> 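Got a structure here, written out as structure tokens. Questions coming.
When reading the values below, keep in mind they use all heavy atoms of this one structure, side chains included, and skip hydrogens, waters and symmetry mates. Ligands are counted one by one from 1 in listed order, and the atoms in each one are counted from 1 as well. Just so it is clear, the structure is predicted and the values come from calculations on it, not from any experiment.
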Amino acid sequence: MSPRGWALLALAGLALALVVTTALLIPWNRPPAPRADQLAALRALPADQVAHGREFRAALRPGGYASIVVGLLIALALGLTPLGSRLIELAGRPFGGHWIAQAVLGGLAVVLIADLVTLPFSAWRQAVLTRYGLSTNGWGGWVVDLLKSYAVSAVVGAVALLGFYAVIRLAPRWWWAFGAAGAAGLVVLLSFVLPVLVEPVFNRFTPMEQGPLRTELMTMAVRDGVPVRDVLVADASRRTRAVNAYVSGIGPTRRVVVYDTLLREAPPEEVTAVVAHELGHARDRDVTVGTLTGALGAAAAVVALYLIGSWAPLLRLAGVDSVAEPRAFPLLVALVTVVGLVATPIQALISRRVEARADAHALALTEDPAAFESMQRRLATVNLADPDPPRWEYLYSATHPSTVERMAAARAYAREAGR
Ligand SMILES: [Zn+2]
């Protein structure tokens, strides 16, 4: 069988593995609380707060979607015309067109241009956040954050580009197989090192101070059977007023992180409800499952790019002879951008199901639906959420159930538990 035949077989196998993994590990049969309960929850929220949240979300919307459209157009302009391949040549010219210069400098230049073109929209977003009092870091802090994220992307991007094109040179016929394994490995590695190498670039993390709340949270983790070494507090207040918490990392790098804003804003029983939700993620190994599906998806993407990329009309548009040359990198970026947009609603749907399961876990663990509901109300108030967002936007990109869905879930739990 030819390498192409093997690639088709590998792609089918990876796609099957993805379908089986998501079918088995994602909690699909968890319908949201009845719409009537959601509407009742919506009526329980102050009308002016709902209006304010909607106004804020509406103010973000034009810049947000314009950024997506412009990002797509620039990716297509660079990838589906010879413009991108010329840019790669240009970047390699001072180095005599050496492949490393083309691959790394040219590749980073393409990514940087896409970033710069959408930069005005990021600034717009920051302006809206500042106007509504959600952002606290000022323009200086915003620029520093931006430069830091460019630096992190440049390091990760340079390693990935160098590795990818080195593999192509070493194994011209089978690079897609090694590339797929490498991409999957990179996803796992990033998930593992993100909390210890990348997150500290943006925030300072300190163990939660000793006291009744910390003792209560650690006791709850033990009761839940989830080994947590510590609860970390992030200094999110340097950037935002928003409250949040999350789990990240795998195995020894796994941690539960709460924003300092949450500790400042919310009473202890609500912090407990938030951490119980995060313990749900840890218990169900959501980070590990996410990493596994991400790794399978990345491997499938490399094989698919190899197969689609050898399609002659596409290569002609991009002005290249083969998808394997560094000059074809903009074509790969264009394909990845399109796939990313198509995959967004699927990822959002999976995320909402996983989040709903973590909510259910929090309710069962704390047996305190009242605290859970008031925590949801506080999250919506402080973060200026639309508690019941437009359906189309919810379906396209909402990573969490809506506030009214989560409040209604708490009420349904209270009803069933007879509390
Ligand atoms: Zn969550």
> I'd like to check the ring-ring contact (aromatic ring centres under 6.0 Å, His included) partners of W311; sequence neighbours left out, ordered by chain and number.
none

> Parallel, tilted or perpendicular: which one describes the rings of W392 and Y65, with boundaries at 30° and 60°?
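It falls in the tilted class, 30° to 60°.
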
> Just by distance, do the side chain of E405 and the backbone of S402 share a donor-acceptor pair under 3.5 Å?
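Confirmed, E405 side chain pairs with S402 backbone.
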
> Taking S310 for its side chain and L307 for its backbone only, find out whether a donor-acceptor pair lies under 3.5 Å.
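A pair under 3.5 Å: yes.
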
> Please indicate how many protein N/O/S atoms are found closer than 2.8 Å to the Zn ion (ligand 1), with waters neither displayed nor included.
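Number of qualifying protein atoms: 3.
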
> So, the side chain of T136 versus the backbone of T240: is there a donor-acceptor pair under 3.5 Å, distance only?
yes

> Okay, side chain of R239, backbone of D145: is any donor-acceptor separation there less than 3.5 Å?
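It does not hold such a pair.
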
